[in-house]
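Bear in mind that the values here come from a model prediction, so they are computed numbers and not experimental data. Chain letters run A, B, ... following the sequence lines, proteins first and then strands; every chain starts at 1. Atom set for the values below is all heavy atoms of this structure, side chains included, hydrogens, waters and symmetry mates excluded.
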Number of protein chains: 2
Amino acid sequence: MAEPKSSRPTIVDVAEKAGVSRATASRALSNYGRINQETAKHVRAVAESIGYISNELARAMRVGKTKTLGLVVIADFTNAFFDRATKSIVDAARARGYQVLITNTDEDIAVERNAIETLIEKRVDGMIVVPSTAVVHDHLEPRRLGETPVVLIDRRLDGLRMTSVTTDDFIGTEEAMRHAISLGHKRFGFLVATAGVKGSTSERPPVLISTIEERVNGFMNAAVEAGIKPRAQSWVYCQDDPTISEAAVAKMLDQPKAPTIIMASNNDMALAVLKVAGNRQLTLGRDLSLITVDDSQWLAAMSPGITVVARPVELVGQIAVEKLIAEIEHPGQPTEKIVLPTELIARGSVANLVLRPELDPEYKE
Amino acid sequence: MAEPKSSRPTIVDVAEKAGVSRATASRALSNYGRINQETAKHVRAVAESIGYISNELARAMRVGKTKTLGLVVIADFTNAFFDRATKSIVDAARARGYQVLITNTDEDIAVERNAIETLIEKRVDGMIVVPSTAVVHDHLEPRRLGETPVVLIDRRLDGLRMTSVTTDDFIGTEEAMRHAISLGHKRFGFLVATAGVKGSTSERPPVLISTIEERVNGFMNAAVEAGIKPRAQSWVYCQDDPTISEAAVAKMLDQPKAPTIIMASNNDMALAVLKVAGNRQLTLGRDLSLITVDDSQWLAAMSPGITVVARPVELVGQIAVEKLIAEIEHPGQPTEKIVLPTELIARGSVANLVLRPELDPEYKE
DNA sequence: AAGGTTTGCGAGAGCGTTCTCGCAAGTCTC
DNA sequence: GAGACTTGCGAGAACGCTCTCGCAAACCTT
């Protein structure tokens with residue numbers, strides 16, 4: 001009478017059935033050490049026949065590597081950065097034999113702290129994190145992390161000696177501004193998504209995550225450079241909430257000298273512009289212009305297509321994985337702050353006021 | 001001289017430092033069994049002070065539960081189903097104390113088989129899978145899976161006794177068709193995304209994944225019901241590739257009696273329609289109508305908004321997690337085929353040919 | 001033919017937990 | 001104040017794997 005044995009076969013089962021020791025079975029299955037190829041083949045056949053699947057937990061315990069990466073991200077895959085970044089990370093990891101454990105932070109620092117703790121508990125070999133704030137980051141300090149390497153993406157955290165992969169949004173948005181200026185735009189509306197702000201305000205919050213800060217500075221710099229002094233009311237820092245951002249856009253457009261173009265700091269803001277423009281029957285690229293950051297299929301497929309500052313999102317993910325795995329497999333890599341260039345993709349959403357000055361409502365013959 | 005001890009502190013370190021046994025330390029940290037609350041507090045303080053973080057691998061080995069769910073998905077988060085589904089799954093899992101290991105299949109059966117194997121190796125407590133095909137599924141058979149429970153989402157696999165959470169796309173698309181018919185449309189173009197087909201064809205492939213099959217049948221059924229006989233050339237089954245689908249749309253529109261409305265089986269197809277319409281300066285909801293499946297912020301924000309068959313994606317994810325965890329924690333649950341209702345959201349992309357028959361190019365006074 | 005080297009394999013420890021069991025001391029019960 | 005029960009804790013096994021070490025047999029080498 002065989003015992004029940006309800007659970008999965010282990011390597012001991014394989015060993016017994018094959019008439020060898022655990023050690024030999026292990027050698028056969030993981031293909032290492034000195035072993036007769038005949039026995040190895042036999043053991044593998046037995047393993048296959050009884051449906052043996054190795055227990056990576058046990059192996060991980062022994063060898064100290066889980067072949068798992070943690071991803072700490074604002075898992076809003078509706079977002080044109082995180083969706084593509086996540087996919088590219090998962091793919092790049094798989095290509096190198098790693099799996100990825102996803103944890104969502106919802107941009108909440110407490111959740112993030114928790115997520116990182118959980119990932120360490122699960123003993124991931126390393127993690128890629130999108131820090132949800134630019135300020136508090138004790139949970140990312142070496143003391144907490146121990147040996148676990150971390151690579152930051154999307155946002156830098158300047159206080160930490162840590163590899164990061166970001167994009168040059170300063171130059172990207174500067175370029176976008178120059179483009180708009182060259183097409184004759186002089187009155188800009190800046191619509192900036194700001195975590196941590198409630199409602200909307202034209203006052204600049206004390207801290208912005210690096211990505212947003214660069215975009216703001218890029219806008220500003222190009223404006224100043226062109227001798228354009230953006231009025232306070234053309235800046236709106238606003239919470240990432242459709243109702244609030246749409247209201248902000250509406251207010252912007254109702255000003256006496258309304259902007260001819262709105263620079264959106266991200267696609268949620270761009271959506272608000274689209275919505276309001278739609279409601280008011282404004283045609284983009286004619287009655288109102290728009291530039292946003294992060295490309296997506298939708299932005300390209302609309303009519304007119306929306307002009308964007310495109311970031312090499314997949315590349316960010318791939319490089320992050322590459323650097324992370326490099327550090328995992330060969331500890332002691334130098335930390336790097338990698339900054340990738342963006343690309344301006346001009347489509348039809350920016351009116352050419354040079355050719356058609358009459359499109360500017362303030363235009364006087 | 002203390003030994004180096006480069007790696008993380010273990011429970012033995014905590015025990016030693018606290019002057020208790022491993023057992024007691026474990027009891028204190030995991031809060032179970034009989035333990036003096038004073039000692040417990042002391043042990044926890046010591047653990048905190050030396051930065052102890054429990055090793056879930058070891059715990060998992062011992063207790064046989066990893067508190068990890070596997071997600072086997074076509075990780076194209078650009079897709080309006082998978083993005084939201086993934087987020088809702090990650091969130092629902094976290095709320096119940098589970099983490100999610102994501103594996104991408106890219107709609108490739110070999111990769112899927114592999115992914116499932118890997119997840120079993122990592123000993124996930126259960127998995128949620130989007131099967132990438134309707135035919136081969138030996139890797140999902142009980143023999144392979146062992147005790148690991150699986151819940152299917154998005155697509156049913158009728159041959160398997162397995163819980164699934166899907167949406168009623170048959171009724172959903174039928175409803176969409178009735179809506180279009182009630183607005184006076186008589187000539188339809190059906191644009192169906194089909195994995196496995198190369199290029200595009202008007203011949204129906206032998207097998208379609210359940211979701212797509214239901215959509216096709218829903219379209220068909222409502223057409224027949226209304227006495228509309230769709231011509232062969234109004235059906236296009238086409239590979240999920242922008243160039244190919246755009247060509248298919250163009251061809252469709254160039255027919256002698258071109259359709260007044262295109263029913264897209266998913267958003268990739270809808271994108272193709274948008275692109276072609278844009279190129280040809282056709283205004284949606286006037287020169288050409290469109291209905292697609294799966295809502296997204298973009299579809300709502302465009303002008304006109306696109307009419308969609310909206311599926312309760314988040315709910316699908318939540319229920320899947322719920323059912324899966326129920327089976328994990330209380331094995332022996334009955335398998336269920338859960339089908340959730342869809343909702344037709346009418347926006348402006350369908351022209352009203354009853355009110356404005358002149359919008360139909362075939363209209364003769 | 002004697003020594004050295006290589007090959008193949010098994011015994012056993014160890015990774016960091018949890019958990020059962022047993023024991024000593026304390027608390028109750030009458 | 002003796003037995004019964006409760007409380008708090010430690011010893012040790014177990015989860016399933018890998019890997020070092022040692023040993024026997026087989027193979028060279030001179």
Check the surroundings of atom CZ in A:R96: do more than 12 heavy atoms from other residues, nucleotides or ligands lie under 6.0 Å from it? yes
Can you confirm whether more than 12 heavy atoms, excluding those of B:K337, are under 6.0 Å from its NZ atom? yes
Candidate nucleotides [options], ranked by approach to the side chain of [X] - the nearest:
{"X": "B:Y52", "options": "D:dG16, D:dG8, C:dT17", "answer": "C:dT17"}
{"X": "A:T24", "options": "C:dA11, C:dC9, D:dC17", "answer": "C:dC9"}
{"X": "A:R34", "options": "C:dG8, C:dC19, C:dG16", "answer": "C:dG8"}

May I have the distance from [X] (atom [atom1]) to [N] (atom [atom2]), rounded to whole angstrom?
{"X": "B:N36", "N": "D:dG10", "atom1": "CG", "atom2": "C1'", "value": "15 Å"}
{"X": "A:K122", "N": "C:dT17", "atom1": "NZ", "atom2": "C1'", "value": "15 Å"}
{"X": "A:I11", "N": "C:dG12", "atom1": "CD1", "atom2": "P", "value": "18 Å"}
{"X": "A:K65", "N": "D:dC19", "atom1": "NZ", "atom2": "P", "value": "13 Å"}
{"X": "A:N31", "N": "C:dC9", "atom1": "CG", "atom2": "C1'", "value": "16 Å"}
{"X": "B:M61", "N": "D:dA14", "atom1": "CE", "atom2": "C1'", "value": "9 Å"}
{"X": "A:R22", "N": "C:dA13", "atom1": "CZ", "atom2": "P", "value": "11 Å"}
{"X": "B:R123", "N": "C:dT17", "atom1": "CZ", "atom2": "P", "value": "21 Å"}

Under 3.5 Å, side chain of B:E327 to main-chain N/O of B:G332, donor-acceptor pair present? yes
Is A:D108 reaching over with its side chain to a backbone N or O of A:A110, donor-acceptor style, under 3.5 angstrom? yes
On DNA chain C, more 5' by nearest nucleotide between A:R27 and B:L57 is A:R27
[X] side-chain N/O to [N] phosphate OP1/OP2 under 4.0 Å:
{"X": "A:T39", "N": "C:dC9", "answer": "yes"}
{"X": "A:S21", "N": "C:dG10", "answer": "yes"}
{"X": "A:T10", "N": "D:dC17", "answer": "yes"}

What nucleic acid atoms does A:R59 come within less than 4.0 Å of, heavy atoms only: base, sugar-phosphate, or nothing? sugar-phosphate
Passes side chain to side chain donor-acceptor pair (under 3.5 Å), A:E56 versus A:S54? Steps please. CA-CA 6 Å; A:E56 283 301 312; A:S54 79; 3.3 Å; yes
